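Structure, as structure tokens:
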There are 2 protein chains.
Amino acid sequence: MTMTPDTLTDRLERGDVMAAQCPSRALLRHVTSQWGVLVLTVLRRGTLRYSEIRHRIGGISEKMLAQTLRTLESDGFVSRTVHPVVPPHVDYRLTAAGQEVAGRIADLVDWIEGNLGLLLSSDTASLEG
Amino acid sequence: MTMTPDTLTDRLERGDVMAAQCPSRALLRHVTSQWGVLVLTVLRRGTLRYSEIRHRIGGISEKMLAQTLRTLESDGFVSRTVHPVVPPHVDYRLTAAGQEVAGRIADLVDWIEGNLGLLLSSDTASLEG
DNA sequence: CAGTATCCTAACTGATACTG
DNA sequence: CAGTATCAGTTAGGATACTG
């Protein structure tokens, strides 16, 4: 097995997330952000309005939901549709790329939820937030 | 299809990550933290020493690596082995639970790395960090 | 080598109040 | 309804120096 003699440029072009300046780092940070994970997860079920998302994610503030949605939208994971009615009606849904990442996030979330008991019973498990 | 008439207690016991106080939230935050993701990813290849991890993850500081390793260890995702020699030699490796979550994280990371071009070419993609 | 201790800044976060 | 604006507190994060 031969090792690739990796230059920094090689790594950036390849999209190597281990290179500090690689754009994939930023994308990864956005989708794995505290609220990004949960927003992507709830949107898997379909199109939702701002208030519906907020209601489904316990503890998220208006500010962070708005900010997270804007980031995910600008990254191309979420699309935003404004219905020009009064009172306002805005829908959010996953793009094709969003469905891909959200599916993978959901696999992770599901495993953790499903193995919570196992994890918490471990003698080394912490309670800290 | 009938809806589950969800109490908060139900959701916590089920390990529902959408409930703000659920312990799965904290675990999820730890493994999806900026450095947690990368540490879990590099450890998939096998046992590594502190300095090896630090070298492989571009841009991580000593402080954040130490902190991230301690958190992942206390959550039961990483195990730490001290070899009582001088100079010190400490090994880190994934536990069984760690391998499960790291595998799922890797699926996400791989997809993003592999589709970077697609994501960046999107007209809505941002450059921000 | 593998960290810890200290200091400092910037970013994240939430509460509240307000707007179209 | 769907946000934005503002403010204040907390935490994340990095640089440097130091220890066993």
Side-chain angles (χ1 to χ4, degrees), chain A residues 18-21 25-39 42-43 47-75 78-93 126-129, chain B residues 18-21 25-39 42-43 47-75 78-93 126-129:
Chain A
M18 293 305 160
Q21 311 86 336
R25 267 287 178 94
L27 261 358
L28 188 60
R29 251 202 334 274
H30 298 166
V31 309
T32 62
S33 70
Q34 176 175 185
W35 302 118
V37 166
L38 301 179
V39 167
V42 299
L43 283 178
T47 299
L48 290 175
R49 301 175 65 163
Y50 180 88
S51 56
E52 292 172 330
I53 301 173
R54 182 147 153 64
H55 181 251
R56 285 170 198 226
I57 301 179
I60 194 170
S61 66
E62 294 181 0
K63 178 180 165 183
M64 291 316 299
L65 178 54
Q67 192 175 113
T68 302
L69 285 169
R70 268 185 271 118
T71 301
L72 293 177
E73 187 191 1
S74 84
D75 285 344
V78 165
S79 75
R80 178 176 185 270
T81 310
V82 180
H83 301 282
V85 296
V86 45
H89 182 142
V90 182
D91 282 329
Y92 293 92
R93 63 182 184 83
S126 88
L127 298 172
E128 169 272 334
Chain B
M18 294 305 162
Q21 312 85 337
R25 267 287 178 93
L27 262 356
L28 189 61
R29 253 205 329 277
H30 298 167
V31 309
T32 63
S33 71
Q34 176 174 185
W35 302 118
V37 166
L38 301 178
V39 167
V42 300
L43 284 179
T47 299
L48 291 175
R49 302 175 63 163
Y50 180 89
S51 55
E52 291 172 329
I53 300 173
R54 181 146 154 64
H55 181 251
R56 286 171 198 225
I57 302 178
I60 194 170
S61 66
E62 294 181 0
K63 177 181 165 180
M64 291 316 298
L65 177 54
Q67 191 174 116
T68 302
L69 285 170
R70 268 184 272 117
T71 301
L72 293 177
E73 187 192 0
S74 83
D75 284 345
V78 164
S79 74
R80 180 176 184 271
T81 309
V82 180
H83 301 283
V85 297
V86 45
H89 182 143
V90 181
D91 282 330
Y92 293 92
R93 64 183 184 80
S126 89
L127 297 172
E128 170 271 336

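All of these numbers come straight from a predicted model, not from anything done at the bench. Chain A is the first sequence line, chain B the second, and so forth, proteins listed ahead of strands; every chain is numbered from 1.
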To the nearest Å, give me how far apart [atom1] ([X]) and [atom2] ([N]) are.
X: Glu52(A); N: dG3(D); atom1: CD; atom2: C1'; value: 16 Å
X: His89(A); N: dA2(D); atom1: NE2; atom2: P; value: 7 Å
X: Arg70(B); N: dA12(D); atom1: CZ; atom2: P; value: 12 Å
X: Trp35(B); N: dA11(C); atom1: CH2; atom2: P; value: 15 Å
X: Leu38(B); N: dG13(D); atom1: CG; atom2: P; value: 11 Å
X: His55(B); N: dA2(C); atom1: NE2; atom2: P; value: 13 Å
X: Met64(A); N: dG3(D); atom1: CE; atom2: P; value: 15 Å
X: Ile60(B); N: dG14(D); atom1: CD1; atom2: P; value: 8 Å

Taking all non-hydrogen atoms of both residues, which atom of [X] and which atom of [Y] are closest, and how far apart?
X: Arg54(A); Y: Glu62(A); result: NE-CG, 3.3 Å
X: Gly58(B); Y: Ala20(A); result: O-CB, 3.6 Å
X: Met18(B); Y: Leu38(A); result: CE-O, 3.6 Å

Would you compute the distance between atom CG of Asp91(B) and atom NE2 of His83(B) and round it to the nearest 0.5 angstrom? 3.5 Å

Mind checking [X] for me? I need base, sugar-phosphate or nothing, with any heavy atom below 4.0 Å counting as a touch.
X: Pro87(A); value: sugar-phosphate
X: Arg80(B); value: sugar-phosphate
X: Arg54(A); value: nothing

Tell me if a side-chain donor or acceptor on Arg93(B) pairs with a main-chain N or O of Arg80(B) at a distance below 3.5 Å. no

When you measure from the side chain of Glu52(A) to the backbone N and O of Arg49(A), does any donor-acceptor pair fall under 3.5 Å?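 The answer is yes, because a donor-acceptor pair under 3.5 Å joins these two groups.
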
Does a nitrogen or oxygen in the side chain of [X] sit under 4.0 Å from OP1 or OP2 of [N]?
X: Tyr92(A); N: dG3(D); value: yes
X: Arg49(B); N: dA2(C); value: yes
X: Gln34(B); N: dG13(D); value: yes
X: Ser61(A); N: dA15(C); value: no

With a 4.5 Å cut-off on side-chain heavy atoms, are Arg56(A) and Leu48(A) touching? yes

DNA chain C: 5'-proximal contact among Gly59(A) and Leu69(B) (nearest heavy atom): Leu69(B)

Mapping Lys63(A) and Asp91(A) onto DNA chain D by nearest heavy atom, which one lands closer to the 5' end?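 Final value for this comparison: Asp91(A).
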
Which residue lies more 5' along DNA chain D, comparing Gln67(B) with Glu62(B) via nearest heavy atoms: Gln67(B)

Here DNA chain D, pairs taken as Watson-Crick or G-U under 3.5 Å and shown with ( ), [ ] when crossing and | when to another strand, reads ||||||||||||||||||||

How are the rings of Tyr50(A) and Tyr92(A) set relative to one another: parallel (under 30°), tilted (30 to 60°) or perpendicular (over 60°)?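 Answer is tilted, since the angle falls between 30° and 60°.
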
